[in-house]
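Structure first, then comments.
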Amino acid sequence: MSQREYHIVVLGSGGVGKSCLTAQFVQNVWIESYDPTIEDSYRKAIEVDGRHVILEILDTAGTEQFTAMRELYMKTGQGFLLVFSITSMSSLYELAELREQIRRIKEDDHVPMVLVGNKSDLEDDRAVPRARAFKTSQEWGEVPYYEASARRRANVDEVFVDLCRQIIHKDQREYKNTQARQKTRPRPSGGRTHHRAGHRQRHIKCTIL
């Protein structure tokens, strides 16, 4: 059985822990210190609700860097982790602009997304109240919100699995809509459909595993 491949993009301002979150998920390691990310890509096979999928995960640079690349990976990404740090209110504010860019570039108000408040282990330094983050997730149309800690590996798997599940459901809806449109497509006028001798009709099957 072939595996579906989904493209996930991890976005957020510099220093919120995007690389730490991604490395914990993919490699089960905690990165204590690292160079600011330019752009890294990871692959990981997981099972979601009995489906075997491969995630292609793009760990991007901070929002203040390499903005020319942003439009390209927003076009190709199928799901987005929008990450801020609970210790920085400005890192949450920056995500609103990113979300608007995604919706505009993809021309879709229902792009799979998860809002992630990282560094939940730094509760004493919290600058973003949980209520404020939940309010943001509701304003965005009930986007799932998680508080995660890459250091403690809290809610790391959950945010990626939730996002993957959203992508799968969107895939299924689009497939069903395509099937429904094909069934309701009007026949040519004139009552009868003529086929030239030797001309074969082609039936294209789409299967989502």
Discussion item. Test of understanding: with side chain to side chain contact (heavy atoms under 4.5 Å, CB included), list the residues that count as partners of Arg153, not counting sequence neighbours.
Written reply: Gln24, Asn28, Val156, Asp157
Item to complete: Treat each ILVMFWY residue as a node, draw an edge where side-chain heavy atoms are under 4.5 Å apart, and state whether Val159 and Leu122 are in one component.
Response: no
Worksheet item: Rounded to the nearest 0.5 Å, how far does CD1 of Ile86 lie from OG of Ser149?
Response: 9.0 Å
Worksheet item: In terms of side-chain geometry, is the basic nitrogen of Lys119 or Asp125 positioned less than 4.0 Å from the acidic oxygen of its partner?
Response: no
Worksheet entry | Check ion pair Asp121-Arg152 (N to O, under 4.0 angstrom) | no
Fill in: Residues that Gln27 engages under side chain to side chain contact (heavy atoms under 4.5 Å, CB included), provided they are two or more places apart
Ala23, Val29, Tyr42
Worksheet, complete the sentence: For Leu55 and Cys164 the tightest heavy-atom approach is CD2-SG, 3.8 Å
Discussion item. Evaluate Lys170 against Asp108 for salt bridge (charged side-chain N to carboxylate O under 4.0 Å, His left out), listing each step before the verdict.
Written reply: CA-CA 12 Å; Lys170 187 178 178 70; Asp108 187 352; 2.7 Å; yes
Discussion item. Looking at Glu147, is its backbone amide N or carbonyl O close enough to the side chain of Asn155 to form a donor-acceptor pair, meaning the two atoms are under 3.5 Å apart?
Written reply: yes
Discussion item. Could you go through Asn118 and Ser85, starting from their C-alpha distance and side-chain angles, then the distance that decides it, and tell me whether this counts as side-chain hydrogen bond (donor to acceptor under 3.5 Å, both in side chains)?
Written reply: CA-CA 5 Å; Asn118 195 29; Ser85 167; over 6 Å; no
Worksheet item: In this structure, are over 12 heavy atoms from other groups packed under 6.0 Å from Glu97 atom CD?
Response: no
Worksheet entry | Arg51 with Glu47: basic N within carboxylate O range, under 4.0 Å | no
Discussion item. To check you understand the geometry: which heavy-atom pair defines the closest contact between Phe84 and Ser91, and what is its length?
Written reply: CB-OG, 3.4 Å
Discussion item. I need the single residue from Leu58, Ile57, Thr60, Leu163 that forms a side-chain contact (heavy atoms from CB on, under 4.5 Å) with Val10. Which is it?
Written reply: Ile57
Worksheet entry | Contacts of type side chain to side chain donor-acceptor pair (under 3.5 Å), residue Arg104, not counting sequence neighbours | none
Worksheet item: Are side-chain heavy atoms of Glu56 and Ser41 found at a separation under 4.5 Å?
Response: yes
Worksheet item: So which pairs with a foot in residues 147-169 pass ring pair (Phe, Tyr, Trp, His ring centres under 6.0 Å), sequence neighbours left out?
Response: Phe25-Phe160
Practice prompt. Sequence neighbours left out, what passes side chain to side chain donor-acceptor pair (under 3.5 Å) with Asp49? Give chain and number order.
Written response: Arg165
Response to the item:
Applying side chain to side chain contact (heavy atoms under 4.5 Å, CB included) to Thr136 and not counting sequence neighbours gives Leu92, Leu115, Arg132, Trp140
